[in-house]
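First up is the structure itself, then whatever we jot down about it.
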Amino acid sequence: MARRYDTNDATDRVTGLREAASAVRRGELVVLPTDTVYGVGADAFSAEAVGDLLTAKGRGRNMPSPVLIGSPNTLHGLVTDFSETAWDLVDAFWPGALTLVARHQPSLQWNLGDTRGTVAVRMPLHPVAIELLTEFGPMAVSSANLTGHPSPETCEAARNMLGDAVSVYLDGGPTPGIVPSSIVDVTGSVPVLLRAGAIDADELRKVVPDLEVAS
């Protein structure tokens, strides 16, 4: 039976965060609020848990899960060949609605899907998400919807779609909106905007003037 915790209640928040972290350690799924929509998360380093996440969403390995982190410092253990330009984007827009596609450390034992040696990583601007990520560590997190359905802006909408496939629901009230994060590829010498979202190309170019936009 899935458990729901109201993170706007101080006592429920402490209990919910503790239970969510414990659930992720057991290889189970949790739903958490972010600065865009609700996400469904799992241990990024558990292939079985990530597989359960993709199955719960009805999503294939050809659409790998992004990874959310609670601090920019976590990047040092996750990515390689991370340029000064990429760090400039982190400094300017994290925490926030910017996802960076970078090359991950070859030594990492994870299986997020068909990533071809890359990882899409973000630090969300939401206190509940950051607390959970700080407590547990990097998590594979995707929008908490069934593939092809709208991304949920409320915990109830997520629960209606994912039900008991998720062990713990952290309910932080409505999220700011369904505008997704912008995605920038920083694996090459020039950053490339793969998806325009909450941060547009003009805003990004204030930090990285040579930004290209994928056709």
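One-based numbering along the sequence shown.
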From [X] [atom1] over to [Y] [atom2], what is the distance, rounded to the nearest 0.5 angstrom?
X: Met161; Y: His149; atom1: CE; atom2: NE2; value: 7.5 Å
X: Leu75; Y: Thr80; atom1: CG; atom2: OG1; value: 12.0 Å
X: Glu19; Y: Leu170; atom1: CD; atom2: CG; value: 10.0 Å
X: Leu100; Y: Thr85; atom1: CG; atom2: OG1; value: 11.0 Å
X: Asp43; Y: Asp52; atom1: CG; atom2: CG; value: 11.5 Å
X: Cys155; Y: Asp171; atom1: SG; atom2: CG; value: 4.0 Å

Report yes or no: do [X] and [Y] belong to one cluster of Ile/Leu/Val/Met/Phe/Trp/Tyr joined by side chain heavy-atom distances under 4.5 Å?
X: Val128; Y: Trp94; value: no
X: Leu133; Y: Leu29; value: no
X: Met123; Y: Leu89; value: yes
X: Val119; Y: Met139; value: no
X: Val186; Y: Leu112; value: yes

*asked:* Apply side-chain contact (heavy atoms from CB on, under 4.5 Å) to residues Arg25 and Phe136 and explain how you reach the verdict.
replied: CA-CA 8 Å; Arg25 290 189 185 99; Phe136 177 78; 3.5 Å; yes
*Going through the checks in order, is the salt bridge (Lys or Arg N to Asp or Glu O under 4.0 Å) test met by Lys206 and Glu203?*
CA-CA 5 Å; Lys206 293 177 182 177; Glu203 192 69 17; 3.2 Å; yes
*So, Glu156 and Arg4, do they make that salt bridge, N to O below 4.0 Å?*
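Here Glu156 does not pair with Arg4 in a salt bridge, since their nearest N and O are not under 4.0 Å apart.
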*Got a salt bridge between Arg103 and Asp185, using NZ or NE/NH1/NH2 to carboxylate O under 4.0 Å?*
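Judged by the 4.0 Å cut-off on N to carboxylate O distance, Arg103 and Asp185 do not form a salt bridge.
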Taking all non-hydrogen atoms of both residues, which atom of [X] and which atom of [Y] are closest, and how far apart?
X: Ala97; Y: Ala198; result: CB-CB, 3.6 Å
X: Val40; Y: Ser143; result: CG1-O, 3.9 Å
X: Pro124; Y: Pro95; result: O-CB, 3.4 Å
X: Thr74; Y: Pro138; result: CG2-CG, 3.8 Å
X: Leu108; Y: Gly77; result: CD2-O, 3.7 Å
X: Ala56; Y: Ala165; result: CB-CB, 4.1 Å

[Y] backbone acceptor or donor facing [X] side chain under 3.5 Å:
X: Thr15; Y: Thr11; answer: yes
X: Tyr169; Y: Gly163; answer: yes
X: Ser65; Y: Val141; answer: yes
X: Asp35; Y: Leu125; answer: yes
X: Arg205; Y: Leu211; answer: yes
X: Lys57; Y: Asn145; answer: yes
X: Asp164; Y: Ala2; answer: yes
X: Gln105; Y: Val79; answer: yes
X: Tyr38; Y: Arg159; answer: no
X: Arg122; Y: Val67; answer: no

In the structure I gave you, are the side-chain heavy atoms of [X] and [Y] within less than 4.5 Å of one another anywhere?
X: Ser167; Y: Arg3; value: yes
X: Val30; Y: Leu132; value: yes
X: Val101; Y: Ile183; value: yes
X: Thr187; Y: Thr118; value: yes

*So Arg18 and Glu135, salt bridge (Lys or Arg N to Asp or Glu O under 4.0 Å) or not? Walk me through it.*
CA-CA 8 Å; Arg18 183 180 66 243; Glu135 169 69 21; over 6 Å; no
*Going by distance alone, is a donor N or O of one side chain under 3.5 Å from an acceptor N or O of the other, for Ser181 and Thr36?*
no
*Can Arg59 and Ser142 be counted as having a side-chain donor-acceptor contact under 3.5 angstrom?*
yes
*List the steps, then state whether side-chain contact (heavy atoms from CB on, under 4.5 Å) holds for Val31 with Leu162.*
CA-CA 9 Å; Val31 158; Leu162 299 180; 4.2 Å; yes
_Show, in sequence, the C-alpha distance, side-chain angles and deciding distance for Leu193 and Leu204, and conclude whether the side-chain contact (heavy atoms from CB on, under 4.5 Å) test is met._
CA-CA 9 Å; Leu193 180 62; Leu204 291 165; 3.8 Å; yes
_Walk me through whether Leu78 and Ile69 qualify under side-chain contact (heavy atoms from CB on, under 4.5 Å)._
CA-CA 10 Å; Leu78 299 183; Ile69 60 177; 3.7 Å; yes
*Fit a plane to each ring of Trp110 and Phe45, take the angle between them on a 0 to 90° scale, and name the class: parallel (under 30°), tilted (30 to 60°) or perpendicular (over 60°).*
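Parallel.
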